[in-house]
Q: 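Have a look at this one.
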Amino acid sequence: MAKPDVLTAQAADFPQWYQDVLAKAELAESGPVRGTMVIRPYGYSIWERVQAELDSRIKAAGARNAYFPLLIPESYFRREAEHVEGFSPELAVVTHGGGKELEEPVVVRPTSETIIGSFLAKWIQSYRDLPMAVNQWANVVRWELRPRLFLRTTEFLWQEGHTAHATREDAHGYALRILHDVYRDFMVNVLAVPVLVGRKTERERFAGATTTWSCEAMMRDGKALQMGTSHELGQGFSKVFGIDFLDEGGRQQHAWLTSWGASTRLMGALIMAHGDDNGLRVPPRLAPVQVVVLVVKAEDGAGEAADALVASLKGAGYRAELDARTDLSFGRRAVNWELKGVPLRIEVGPRDLASGSVVVCRRDLNTKAAMPLVQVVAGVGRALEEIQAGLLAEATRRRDEGTVAVTSVEEALEATRSGFAMLPGTAVAGLDRQGQDGETRLNAAGASIRVLQRPDGSLPETDEDLDRLSAVVARAY
RNA sequence: CGGGGAGUAGCGCAGUUGGUAGCGCACCUGCUUUGGGAGCAGGAGGCCGCGGGUUCAAGUCCCGCCUCCCCGACCA
């Protein structure tokens with residue numbers, strides 16, 4: 001029997017493919033209010049794995065979790081000029097409560113620099129209190145004009161870390177530590193998505209930050225996705241919220257702050273970096289279900305053998321699940337697990353069992369192979385490692401092949417039709433006949449500078465001159 | 001917020017010159033099935049996006065609004 005198309009092909013219509021995956025893999029759907037999102041249980045189980053992996057890295061970096069209020073006095077946002085300018089257009093403002101108009105409107109947090117800053121000011125008195133690092137897992141609201149599930153929703157889930165330091169150097173070092181040890185490490189080693197790290201341009205940086213560092217990845221359609229950012233906030237918020245401390249010499253000083261966040265947008269990265277025409281492909285280290293054992297037909301001991309196999313897989317530490325449903329056909333169940341991107345599927349049926357073997361199906365390559373039952377547990381471990389490495393290698397190859405070095409804004413724009421362009425900073429800084437710089441012209445044509453790097457790919461200094469850097473140019477989500 | 005599409009059963013869609021709504025999948029029941037989205041038979045399911053209007057009569061015509069999708073401007 002020929003396999004019917006379950007999804008719109010990526011090549012036919014990538015955005016439609018994305019919508020199809022969200023629905024068929026039971027990840028998420030829209031809520032009744034524009035821009036809101038319902039994350040379904042399977043999608044949320046993946047998010048919980050994202051949270052667990054990020055959370056352990058955040059704690060290893062010395063931050064502790066806390067929780068701050070959803071509702072923030074509107075006046076807090078007015079204190080920092082760039083912050084208010086950047087966030088005003090997307091604030092949700094509550095004007096009524098308890099049946100009355102409020103004396104001071106409150107905003108639903110779009111980010112928490114202001115409210116957390118106001119408490120850091122209370123908690124920090126001395127250089128001995130520094131550095132101070134808190135993180136919160138929360139929902140935030142930014143009124144969006146054009147929502148897309150997981151990629152850009154009015155309400156989304158994220159973690160936001162906020163730290164205070166005695167010196168600019170310490171804040172700088174911590175922002176980069178989060179960028180590398182939390183975000184890049186998670187993205188590359190768990191999510192299996194290769195990322196370019198670099199500095200945002202002034203135009204792209206966070207409202208109120210002095211420097212924004214970012215991890216950017218290429219999706220399968222060649223567009224870029226910003227997956228996590230780490231900001232150096234300088235002393236701007238400290239000055240307006242009074243986050244001050246006495247240094248070792250007894251002098252009053254403003255603390256140097258950082259903030260950093262990664263959101264449910266990472267779910268979009270997972271889908272678009274790895275998914276294929278059969279659905280999602282979840283890297284094994286992230287997968288909430290790493291192995292599904294499918295009972296082909298509950299005859300001749302297949303059910304019992306599958307049950308025992310799941311038990312031994314779980315005993316060996318794998319996240320395994322049994323699918324012994326008899327009310328759905330074999331094909332239906334196989335397709336469903338492929339849509340959900342489970343890395344390994346083991347089919348247990350009477351035919352193979354008669355010869356002491358099972359069929360092992362790899363989601364990354366869509367291959368099937370018989371394997372003796374006694375070797376399965378060891379074979380699963382090996383296969384999961386291969387899948388993890390294979391997905392990263394495939395995504396890296398795809399990105400490298402989709403990235404071209406160019407020398408002009410025009411060439412960069414041409415390259416962004418299918419991928420990334422590496423453009424010398426000198427070409428960005430140059431003005432055209434209308435006096436427009438390269439970034440303005442890129443933006444006008446629908447592209448943007450994702451990050452600035454040194455030509456060798458390393459991170460520039462905070463104030464390193466554009467002329468000596470390379471711009472990663474792409475169309476972005 | 002600009003430009004372009006579209007809202008009819010859970011999902012995808014058809015619905016002619018206006019005459020009171022249909023198809024596929026999914027769902028329910030029964031039987032037979034289960035090695036790649038099973039078959040047969042029977043059944044249930046509708047504020048036709050919302051609000052006005054025209055008309056004896058509106059899914060269909062007119063006006064207003066809302067929502068969703070795509071492409072731009074803004075963002076995680």
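In what follows, every chain begins at residue 1, and chains take the letters A, B, ... in the order their sequences are listed.
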Q: Of W158(A) and G446(A), whose closest RNA chain B nucleotide lies nearer the 5' terminus?
A: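 Closer to the 5' end of RNA chain B: G446(A).
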Q: Classify the nucleic acid contact of R148(A) as base, sugar-phosphate or nothing, counting any heavy atom under 4.0 Å across all strands shown.
A: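 Sugar-phosphate, no base atom in range.
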Q: Does a salt bridge link K200(A) with E216(A), judged by any charged N lying under 4.0 Å from a carboxylate O?
A: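 So K200(A) pairs with E216(A) through a salt bridge.
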Q: Would you indicate which nucleotide in G35(B), G72(B), A38(B) comes nearest to any side-chain atom of S329(A)?
A: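 Closest nucleotide among those given: A38(B).
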Q: For the residue pair V193(A) and V188(A), establish whether any side-chain heavy-atom pair is separated by less than 4.5 Å.
A: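 In short, these two side chains do not touch, never coming nearer than 4.5 Å.
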Q: Given A38(B), U34(B), C75(B), identify the nucleotide with an atom nearest to the side chain of K297(A).
A: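 The closest nucleotide is U34(B).
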Q: Any donor-acceptor pair under 3.5 Å between the side chain of K368(A) and the base of G36(B)?
A: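 Side chain to base: pair present.
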Q: If you check every side-chain atom of D352(A), which of G36(B), C75(B), G35(B) has the closest atom?
A: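 Closest of the options to the side chain of D352(A): G35(B).
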Q: For a quick check, tell me whether the side chain of R333(A) and the base of G35(B) share a donor-acceptor pair closer than 3.5 Å.
A: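 Answer is no: no donor-acceptor pair is held.
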Q: With the side chain of E144(A) defined as its heavy atoms from C-beta on, choose the nearest nucleotide among G36(B), C75(B), C69(B).
A: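 Nearest nucleotide to the side chain: C75(B).
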Q: Touch check for E347(A), heavy atoms < 4.0 angstrom, all strands: base, sugar-phosphate only, or nothing?
A: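 Counting heavy atoms under 4.0 Å across all strands, the contact made by E347(A) includes a base.
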Q: Once you apply a heavy-atom cut-off of 4.0 Å, does P15(A) come out as touching a base, just sugar-phosphate, or nothing?
A: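 Sugar-phosphate: the residue P15(A), judged by heavy atoms under 4.0 Å, touches backbone atoms but no base.
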Q: Does E202(A) CD have over 12 foreign heavy atoms under 6.0 Å away?
A: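 Open.
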Q: Counting only heavy atoms from other residues, nucleotides and ligands, does the tally under 6.0 Å from CZ of R203(A) exceed 12?
A: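 Count over threshold, so yes.
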Q: Indicate, with a heavy-atom threshold strictly under 4.0 Å, whether L225(A) touches base, sugar-phosphate, or nothing.
A: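 Since no nucleic acid heavy atom lies under 4.0 Å of L225(A), the category is nothing.
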Q: Which of these nucleotides, G35(B), C75(B), G36(B), is closest to any side-chain atom of R345(A)?
A: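 Per side-chain heavy atoms of R345(A), the pick is G36(B).
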Q: Under 4.0 Å between any heavy atoms, over every strand shown, what does G35(A) touch: base, sugar-phosphate, or nothing? Just pick one.
A: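 Sugar-phosphate contact only.
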Q: Counting side-chain heavy atoms from CB outward, which of G35(B), C69(B), C70(B) is closest to S30(A)?
A: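 Out of G35(B), C69(B), C70(B), the nucleotide with an atom closest to S30(A)'s side chain is C69(B).
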